Amino acid sequence: MRGVHAVLPGRGFDHSELMPPGQAVIAYLARAEIAAPGEETVALDSAAGRFLARAVFADRDYPAAARSTMDGFALRSADTPGRFHIAGDVQMGQLFDGGIGAGECVRIPTGGFLPTGADAVVPIEQAHADGDWAEISAAVPANDCLNAAGEDMKDGEAILQRGRRIGPSEISVLATLGIAQVAVYRKPRVGIISSGDELVGVGERAGPAQIRDSNRYAIAASLRQKGCEAVAFPTVADRPGELEKAIGEALPLCDALILSGGSSVGTGDLTPGAINNLGEPGVVIHGLRVKPGKPTVFALLGRKPVLGLPGNPTSALLILEAVIAPVIATLTGSAQRAMLVTALLEEELTARAGWTWYVPVCLRDDGGRYLARPLAIHSSSASLPARATGFLTIGEDVTEIARGATVNVQPLMEGLI
Ligand code: AMP
Ligand code: MG
């Protein structure tokens with residue numbers, strides 16, 4: 001496969017062999033053939049955040065019969081205008097006992113089911129009621145002020161697709177359909193291993209040349225947001241054999257592994273070699289024609305995905321969101337992709353052709369539209385992900401985007417859509 005031999009021994013990446021990220025992920029997924037995740041059943045109350053393992057269909061018409069959309073009088077439209085005898089009241093939760101005949105009407109509340117014989121509702125404001133009689137002065141068309149049977153959902157209609165993430169809207173319709181137990185995909189367990197001699201724990205004092213292992217937490221948070229169970233394994237030093245040992249211990253406990261750091265081609269970068277020492281097929285793609293994030297590793301050990309992210313926090317997060325996300329979605333069974341925000345570019349952007357660029361931007365609301373201010377890419381920046389609220393993608397052939405152009409931004413900040 002193109003891209004597999006993108007590393008020249010002793011000379012780093014062979015740029016002519018690198019694949020653009022979109023192409024790489026497609027090639028990797030085709031090679032990996034990740035099986036659909038298993039199913040489990042959860043109570044409706046615990047289903048939020050999970051992915052539907054089966055499509056959901058309406059079990060009958062909703063509403064089951066015609067229902068009023070107004071407080072008023074149900075009657076036969078053909079009898080209007082006219083004077084109607086009020087034959088009774090429709091009660092909520094009950095069908096009206098007996099139908100109505102010519103010249104008759106019944107009082108009906110919003111949501112009440114129409115009695116047989118009635119085919120329209122006249123709102124209370126358009127009727128003049130006096131004792132047992134109601135005067136309707138204008139003609140009303142059939143089906144006025146009502147929801148017909150099946151207007152909301154038709155018997156057998158597909159309402160929710162498989163792989164849809166369950167949120168409040170999905171919970172609402174599942175409850176309406178009486179689905180108290182929901183078939184969802186099992187959460188994949190994804191392990192995280194950070195490596196680097198310079199790394200110390202988040203609770204430790206970091207010397208001037210040391211770095212706190214922030215990726216371990218950031219990657220775990222991102223994986224959980226994407227619907228995985230994330231398990232961080234102990235941080236590993238850049239010593240031959242250590243990463244092999246850590247991967248070897250973690251892999252049997254996980255469905256996939258994400259590795260942070262050591263993914264490039266320097267002498268201290270042990271990740272690709274460690275993966276290859278552990279089995280077949282090993283590294284499938286090493287290096288992407290992308291900035292930041294070139295030293296990304298797509299690998300498989302047996303059938304399990306092993307993905308190596310660059311250690312730089314900005315690169316790691318951008319690659320995870322922009323490139324690895326579809327692999328994670330295949331593991332979770334998610335049929336959803338990131339929603340993009342349309343924004344106007346606040347400053348002109350120029351980019352070197354031949355590379356895909358992920359440009360962090362700061363989005364701000366400008367009275368109903370978003371403005372996107374590009375931030376300078378420093379992939380080694382630890383604070384850039386927090387300063388950015390999203391990023392935009394510049395394709396290989398694009399060398400400039402004018403100020404004021406409409407761009408699509410993928411949000412990084414939660415809730416920003
Ligand atoms: P590497 O990909 O191993 O070459 O690491 C590149 C740079 O990323 C390092 O010099 C560190 O500054 C930073 N880095 C590596 N691993 C982590 C991590 N787990 N958390 C935060 N920063 C890291
Ligand atoms: Mg390193």
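Counting convention: from 1, in listed order, for ligands and their atoms alike. FYI, side chains are in, hydrogens and waters are out, and symmetry mates aren't considered; it's all heavy atoms of this structure. The structure displayed is predicted, hence computed values, not measured ones.
A side chain to side chain contact (heavy atoms under 4.5 Å, CB included) with R50 is found for exactly one of E170, R165, E40, namely E40.
The existence of a salt bridge linking R186 and D255 is confirmed by a sub-4.0 Å separation between a basic side-chain nitrogen and an acidic carboxylate oxygen. Taking 4.0 Å as the cut-off between side-chain N and carboxylate O, K226 and E321 count as a salt-bridged pair.
In this structure, a donor-acceptor pair under 3.5 Å is present between the side chains of T110 and D71.
Relative ring orientation between W355 and H15 is described as perpendicular, the plane-to-plane angle rising above 60° on a 0-90° scale split at 30° and 60°.
Judged by distance alone, with hydrogens and angles left aside, the side-chain atoms of D61 form a donor-acceptor pair with the main-chain N or O of D155 at under 3.5 Å.
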Identify the protein atoms, limited to N or O, that lie within less than 3.5 Å of an N or O atom of ligand 1, and list each pair with its distance to 0.1 Å.
residue	atom	partner	partner atom	Å
ligand 1	2 (O)	G311	N	2.7
ligand 1	3 (O)	G262	N	2.8
ligand 1	8 (O)	G311	O	3.3
ligand 1	8 (O)	N312	N	3.1
ligand 1	8 (O)	N312	OD1	3.3
ligand 1	14 (N)	G311	O	3.2
ligand 1	19 (N)	D213	OD1	2.7
ligand 1	20 (N)	S214	N	3.2
ligand 1	20 (N)	N215	N	3.2

